[in-house]
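Here the structure comes first, spelled out in C-alpha cells, and everything after it is commentary.
Within every chain, numbering begins at 1; the chains are lettered A, B, ... in the order of the sequence lines, protein sequences first and strands thereafter.
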Amino acid sequence: MEKTSYAEVVVNNRSNQTNMTYTYGIPKDLSDRVSIGSRVMVPFGKGNKLVEGYVLSKDEGLSIQLSKIKYIQRVLDEESLLSEKMIDLCKWMREEYLCTYMDAIQCIIPTGISYKTEKKIRLCRDVSMEEWGQGGFTDRQWAVMKVLRKHPNVSEDALRQLLDFDPSSTLRSLEAKNIIFIEYQLKNNVSILTEKVIRLSAKEKIHEEISKLNQNAKKQKQLLEYLANHGEIAWSKLKESLDISPSTIESLTKKGLVHVETVEKRRVPYGDFPVEATGPHGLTEEQKKVVEQVIPHIMDAKYQPFLLHGVTGSGKTEVYMQIIDQVLKQSKEAIVLVPEISLTPQMIERFKGRFGNNIAVLHSKLSLGERLDEWNRIKNGEVKIAVGARSAVFAPFHNLGIIIVDEEHEHTYKSESSPKYHAVEVAEFRCRQHGAVLLLGSATPSLESYYKAEKGEYKKLVMQNRYNQNDLPSIQIVDMRTELQKGNKSVFSESLYREIKQNLENKEQTILFLNRRGYSTFISCRNCGYVAKCPHCEISLTYHKNVHYISCHYCHYRQQPPDICPKCGSKYIKYFGAGTEKIEKVTGKLFPTAKIIRLDLDTTSRKGSMERIMQEIKQGKADIIIGTQMIAKGLDFPNVTLVGVIAADMNLNLPEFRAAERTFQLITQVAGRAGRGRRMGRVVVQTYDPEHFAIQASQNHDFISFYEQEILMRKEFLYPPFSRLINITIAGTKESEVIKTADHFATALRQRMGSEKIPSEETVFGPSPAPLSKIKEKYRWQIVIKSKLIDQTALKGIINNIRNDITDRNYANDISISIDVNPFHML
DNA sequence: AGCACGCCGACT
DNA sequence: GTCGGCGTGCTC
C-alpha cells in the first residue's frame, strides 16, 4: 500500500523569499490524484489565501513540526503537468541561473495556464443616510462604500484605481464592522476548448445493425454509414455537412448504437495554409557522411553532442530532415530550434511539407490558446516534432531522440529576461537526461562551441561545399578611407556602385545590408557640439525621415527634430550617420528606375507585412533589397547575385568581447545570401578598417583562421571559453541609490569570497556604470565576475545570499538587481 | 510578492 | 478609543 502522505510544493509567488518548497499534507481523498508534477491549490500565509502550487516530490516522513502542516486543498488538472525530468530541469535552472522555481516552471508550462487569485470585495449590508449622519464613519470608509454601491463586486486592484488613496486599511476596518465581505476568486486566461463528437458504440457489428434498421430511418442509416467510414463527427457539423438533427442522435443513442463524447479540441494556428508535400532529396556525399555519423548515436540512446560546421548553402536543412526521419523510425521525438521563426519561413515551410501534421510550430505570434493547444499536442504525443524559437527547447516530449539547434551561434538563443537561460545550455541538459543527440549547426559556430569541438567535447562534422555545387561568392573588401581621399563622400564606394549597376542591367537582384535602421543615426550642433539625446536613456536619437521625428530605439521616445540648437541657439544643426532609410533614399536617387524594397523593423512590424515583402521579392518585384540583420538569416532567393555590406566595421568598436565574432558572423551570413541559384555570387564589403582580422578572414570565408586569431585574444584576456562570466546589473531611478547598492554588493561579494576561500582566479570587476548607463529613466551599474572555476556552486550561493540580503531588508527600495550567468554581451 | 500584525501619532 | 500609515517578518 502507498504510504506517502506529504508533498513538497512550490508556491506560485514570483519572489526570491518564497523560492523554496513547502511541505503540505495530502488528504486521503486526494491521495491518488496528487502526483509528482501535479498542479494544486494550497492555503498559504496567515490568511490561508489559496494559491497555486506545484508538487515537486512526495515524502513518507514529515520533516517539520506537525502543528505547522496544512493540507492540499484541491488538484487542478487530470494529469500532472511536469514530468520528473522536467522537475529536475527546473532545479538545475534555479541553481544555474539563480532564478526562482517559478521562473523555471513558467518556462516549461504554457503561459496563461496559471491561476491568479483576485481579491473581490462586496457590500454585505448597506448603510443608510441616517446611520451615516450619526457619525461613526470616516470619509474614506464612506468613499469606499460609495464605490461599492456602483460596482457591487470589484477587485481590490480596481478599487484602488477608482479611489485616490490606498484602501487596504480602510477595507480592514470595514470588514471588522461586518459591512463588507472579502473573498478570493480564481482567474485564468485560457481554457481547453472542448467539443462534443458522436461515435459508434459497437463498431464491429455495425453493418449488421444498419441492415436491421427500419426502412424509414433514412437519416439514422445515413449517419451510421458515415460513422462507419469516418469514425466520428463533430456535433457542430451535424447540420451543415449531413443535415441531421439532434433527434436522430437521440434515438440512435437510445438504441445504444452511438454515444456522445466530449473531447479536447485543438485550435489550429496554421490550418488555412496548405503546404505542398515534399519528399526527401538525394544527398551529396558530404551530407550522406554527416547523416551516417549521427544515426548510430540516436539508436544507442547515449548523450552525444555534435557540432555541424557547414558553409551557407551546404544543405543543412535536408540533413536535419533526414536525421529526423530516422528519429521518428526509432519512435523518438525531435526538437528543432531556429533563431527567429519569422525570419525562417522558408525552413518552416519545408518542414511542414515533409512532416505534415506530425509537427508543432511554436512561435511568438500564437495566441495564448493556440500555444496551450500546441503544448498539449506535444505532451499527449499527437506530434513528434516541434519547431520553434528559443522557448521550444522546453517542448514537453517524453522520449527525445534529438535536439537540433540551427544557427547555433545566434544571440536570440539567450533569454533577455529572467531566467536568463541559454537554449543551447538547456538543450544540452535535456539531451543528457534523455540520452539524446544534440546537433548544433552553423556556418560560423560560436567560439565556445568550436573550442569544445576542438577539445573533443563535441564531435565535429563538416560540410564545405554548397549544395548547388557553386563556389562561395567572391568577396571584395573596399577601403572607405581611400574612397574619401578620392573625394567620394557617398555611402557607396565606386566599385559597389558599379556592381549594382551591372546587376540592374543583368536583371539580377541585389541585397544591401546595413545593421542600423532610420535615416540619420544622430544629429548634432556644429557650433557647440550638442547631440540630441533621449531624455530617458543615455542614447542619441535616430532621425526617421519618412515620419519626420527623432526617436530612441530603446524606449521608443520620439520628438520633432530641433531646427535650432537647444543649447546654443545656432542653426547649424547637422544630421550624421546613415541608416537603412537613408540608403534607400540615396539608392533611389542613384538608380531611379530600380525597384527598391526596404526590410527592417520599421517596414515589417505590421502583422503579415514580412510575409508579403518576401513574396514580392520572390516574384521579382524588387531589384534592390535594403535591410538590417533580418536579411542576414535564412533568406533563400536564387536571383540574388550581389550583396553589398555598407559598413562592415560598425559593430567592431563596441565595448564588447564578442565584437569581432559578431562582425565575422554577420559578414559571412549576409555574404551567404548571394549566389544561391545557378549563378555565382559577388559580395562587396565596405569598411574603414580593412586590416582587421575579422574582416580579412571573412574575405576568404576562412572561419578557421578567424577562430585561431580570436581564440588567442580570448585566452589572453581570459574571456569565454577560458572563463565564465557573471554580470550583475543594478538599476534604479536614483543614481546615488544605485551606486550605494552596487558598492554594497561588490564589497560584500569580495568579503565573502575571501572568507570562503574562493580561489583568486575569481575576479570581481566594478561596480562601474554599464555601457548603456541609463535606459528608460533607470541608471544602470554593473559588477562583472570572471571565473575560471568549473564548479560555480559556492560562488553562486554567495551571490544569491547577497542579493536576498539586499532585497530582504528593503535596503534597495526601487532598485532592481538582475543577474546574468554566461551573459552574451555586457550592454 | 502579499499579507497580517503591531506600533505610533492624530483625531474625535 | 479608533483610524490610518508605515515598518517588519513570515509564509509548510
Side-chain angles (χ1 to χ4, degrees), chain A residues 4-27 30 34 38 40-74 99-106 114-121 127 132-145 155-157 159-160 163-180 182-187 418-419 803-818:
Chain A
T4 55
S5 53
Y6 299 99
E8 293 297 318
V9 175
V10 167
V11 152
N12 189 353
N13 258 355
R14 296 172 90 34
S15 156
N16 273 315
Q17 269 112 102
T18 50
N19 185 14
M20 54 167 124
T21 62
Y22 293 89
T23 312
Y24 279 87
I26 304 173
L30 291 182
V34 175
S38 290
V40 294
M41 295 303 289
V42 289
F44 191 66
K46 292 193 180 132
N48 280 333
K49 179 182 161 182
L50 281 184
V51 294
E52 188 185 72
Y54 292 82
V55 176
L56 292 203
S57 62
K58 297 209 279 185
D59 310 322
E60 302 205 0
L62 188 56
S63 50
I64 59 159
Q65 296 163 266
L66 190 64
S67 59
K68 273 189 154 184
I69 266 277
K70 293 178 186 175
Y71 284 82
I72 289 176
Q73 204 254 0
R74 89 186 159 101
C99 65
T100 65
Y101 277 122
M102 277 316 294
D103 281 334
I105 291 174
Q106 228 100 59
S114 290
Y115 282 91
K116 250 178 52 187
T117 37
E118 231 185 9
K119 220 175 174 178
K120 290 275 195 176
I121 296 130
V127 177
W132 159 244
Q134 285 160 18
F137 294 102
T138 63
D139 289 351
R140 288 189 168 202
Q141 293 172 338
W142 190 246
V144 169
M145 285 190 280
S155 67
E156 190 176 359
D157 281 342
L159 191 65
R160 191 170 283 120
L163 297 164
D164 48 6
F165 57 92
D166 181 0
S168 44
S169 50
T170 312
L171 289 175
R172 224 192 305 159
S173 51
L174 283 172
E175 194 187 15
K177 286 184 172 205
N178 265 328
I179 288 173
I180 57 162
I182 299 176
E183 71 175 344
Y184 292 99
Q185 257 174 36
L186 287 186
K187 229 182 86 176
S418 185
R803 187 224 344 234
N804 288 346
D805 251 30
I806 291 178
T807 41
D808 241 26
R809 264 190 240 143
N810 245 354
Y811 172 59
N813 233 343
D814 173 49
I815 296 264
S816 64
I817 300 174
S818 139

- Keeping to residues at least two apart or across chains, list the salt bridge (charged side-chain N to carboxylate O under 4.0 Å, His left out) pairs with something in residues 17-27 of chain A.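 Sorted pair list comes back empty.
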
Rounded to the Å, how far apart are [X] [atom1] and [N] [atom2]?
X      : N      : atom1 : atom2 : answer
A:N19  : B:dG2  : CG    : P     : 15 Å
A:N48  : B:dA4  : CG    : P     : 10 Å
A:K58  : C:dC12 : NZ    : C1'   : 17 Å
A:I69  : C:dC12 : CD1   : C1'   : 6 Å
A:K46  : B:dA1  : NZ    : P     : 17 Å
A:M20  : B:dA1  : CE    : P     : 14 Å
A:Y101 : C:dC12 : OH    : C1'   : 14 Å
A:Q73  : C:dC12 : CD    : P     : 14 Å

With [X], which residues qualify under side chain to side chain donor-acceptor pair (under 3.5 Å), at least two apart?
X     : answer
A:T18 : none
A:S57 : none
A:Y54 : A:E52

Closest to the [X] side chain, choosing from [options]:
X     : options              : result
A:Q17 : B:dA4, B:dA1, C:dC12 : B:dA1
A:T18 : B:dA4, B:dA1, C:dC12 : B:dA1
A:K49 : B:dG2, C:dC12, B:dC5 : B:dG2
A:N13 : C:dC12, B:dA1, B:dC5 : B:dA1

Tabulate protein N/O versus nucleotide N/O from nucleotides 4-7 of chain C, keeping only pairs under 3.5 Å, one per line.
| residue | atom | partner | partner atom | Å |
| --- | --- | --- | --- | --- |
| C:dG4 | OP1 | A:T138 | OG1 | 2.6 |
| C:dG5 | OP1 | A:R140 | NH1 | 2.8 |
| C:dG5 | OP1 | A:R140 | NH2 | 2.6 |
| C:dG5 | OP2 | A:R140 | NH1 | 2.3 |

- Roughly how far, to the nearest 0.5 Å, is the CD1 atom of A:I105 from the CG atom of A:L56? 5.5 Å

- Contacts of type side-chain contact (heavy atoms from CB on, under 4.5 Å), residue A:S418, not counting sequence neighbours: A:C99, A:D103

- Considering only heavy atoms from C-beta outward, does the side chain of A:T23 approach that of A:E8 to under 4.5 Å? yes

- Task: Would you classify A:Y24 as touching base, sugar-phosphate or nothing, given that sugar-phosphate means primed atoms plus P, OP1 and OP2, and contacts are heavy atoms under 4.0 Å?
- Result: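 Answer is sugar-phosphate: A:Y24 comes under 4.0 Å of backbone atoms only.
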
